[in-house]
Amino acid sequence: MTRRRLPIAMAVALGCLAATGAWACGVAAEPEPRTVDQGDIRFGLSETSTSTTTTTTTTVPVTVATTAPPASTVPVELAKIYLVKNGRLIGVDRPVQPGADLSGIIRDVQDGPTSSERAAGLRTAVSADAVTVLGIAQQGGTATVDVAPSFLELLPFPTEQQLAAGQLVMTLTDRGPGIGRVRFTVGGNAVAVPRGDGSAPQQPDLSVSRDDYLGLVEQPI
């Protein structure tokens with residue numbers, strides 16, 4: 001009995017289908033690696049994949065901090081005021097603006113010592129609580145200090161009166177310019193204040209001078 005032959009075209013088609021099925025389902029793993037000819041490798045498997053990375057650089061502006069120039073400072077000068085320590089007059093310096101008026105200088109005297117000066121034993125005999133200075137005027141070489149009526153009443157001890165007057169007289173004559181004498185008034189009327197040795201003023205206008213209190217000033221060593 002003669003076998004029936006398949007048409008050639010059908011045989012070729014079946015062969016291709018079998019080959020395709022084998023490739024899709026995978027090939028069984030071989031026990032050992034083997035060398036495959038370049039021509040037997042399927043299309044695309046032997047190509048090397050190359051990826052390209054694009055780097056984006058972002059420029060961030062940098063702000064450089066600069067130091068601002070120092071603000072202009074107000075010029076100052078030193079004025080000497082007189083405070084009290086152990087019954088003596090002590091000259092200390094205070095910074096003031098150039099051209100500062102006499103009233104401002106006397107306020108420094110009434111404000112008294114700084115904390116460090118107080119710790120060193122300094123004080124003031126003419127604090128604002130004890131003595132009210134109503135005004136200061138200058139005519140020629142004489143400064144007139146107008147005080148409240150309580151000026152002498154609140155300073156009952158002669159030594160305190162001497163120190164209080166000495167603080168004001170030494171401060172004003174040291175400051176100047178051109179002040180050589182000081183007189184004290186109450187309500188426009190001149191009043192006598194004790195000089196450094198306790199004596200009364202000798203001038204008709206009851207003014208006193210710097211020399212009258214130099215004996216109370218503690219001389220620097």
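The chain is numbered in sequence order, starting from 1. This is a predicted model, so every value here is computed, not measured.
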query: With A137, which residues qualify under side-chain contact (heavy atoms from CB on, under 4.5 Å), at least two apart?
result: none
- prompt: Excluding sequence neighbours, so at least two apart, what forms side-chain contact (heavy atoms from CB on, under 4.5 Å) with A120?
  reply: L122
query: Of all residues at least two apart in sequence or in a different chain, which pass the side chain to side chain donor-acceptor pair (under 3.5 Å) check with Q167?
result: T124
query: So which pairs with a foot in residues 95-141 pass ring-ring contact (aromatic ring centres under 6.0 Å, His included), sequence neighbours left out?
result: none
query: Which pairs count as ring-ring contact (aromatic ring centres under 6.0 Å, His included) when at least one residue sits in residues 183-207, sequence neighbours excluded?
result: F151-F184
- prompt: Among all residues two or more places apart in sequence or in another chain, which pass the side-chain contact (heavy atoms from CB on, under 4.5 Å) test with D111?
  reply: D108
task: For R118, enumerate each residue passing the side chain to side chain donor-acceptor pair (under 3.5 Å) test, keeping only those at least two apart in sequence or located in another chain.
output: none
- prompt: What residues form a salt bridge (charged side-chain N to carboxylate O under 4.0 Å, His left out) with R107, not counting sequence neighbours?
  reply: none
statement: The salt bridge (charged side-chain N to carboxylate O under 4.0 Å, His left out) partners of D93 (sequence neighbours excluded) come to K80
- request: Kindly state each residue pair satisfying salt bridge (Lys or Arg N to Asp or Glu O under 4.0 Å) with at least one member in residues 191-209, sequence neighbours excluded.
  value: R195-D212
- prompt: Closest heavy-atom contact between T173 and R181?
  reply: CG2-N, 4.4 Å
query: Closest approach of Y213 and L89, non-hydrogen atoms and distance?
result: O-CD1, 4.3 Å
task: Would you give the length of the straight line joining atom CD1 of I81 to atom CE of M170, rounded to the nearest 0.5 angstrom?
output: 13.0 Å
message: My understanding is that only residues two or more places apart in sequence, or in another chain, count here; which of them pass salt bridge (charged side-chain N to carboxylate O under 4.0 Å, His left out) with R123?
response: E160
message: Using only atom types and a distance under 3.5 Å, with no angle test, would you say the side chain of Q162 pairs donor to acceptor with the backbone of P194?
response: no
- request: Only counting residues at least two apart or in another chain, list the ones meeting salt bridge (charged side-chain N to carboxylate O under 4.0 Å, His left out) with R183.
  value: none
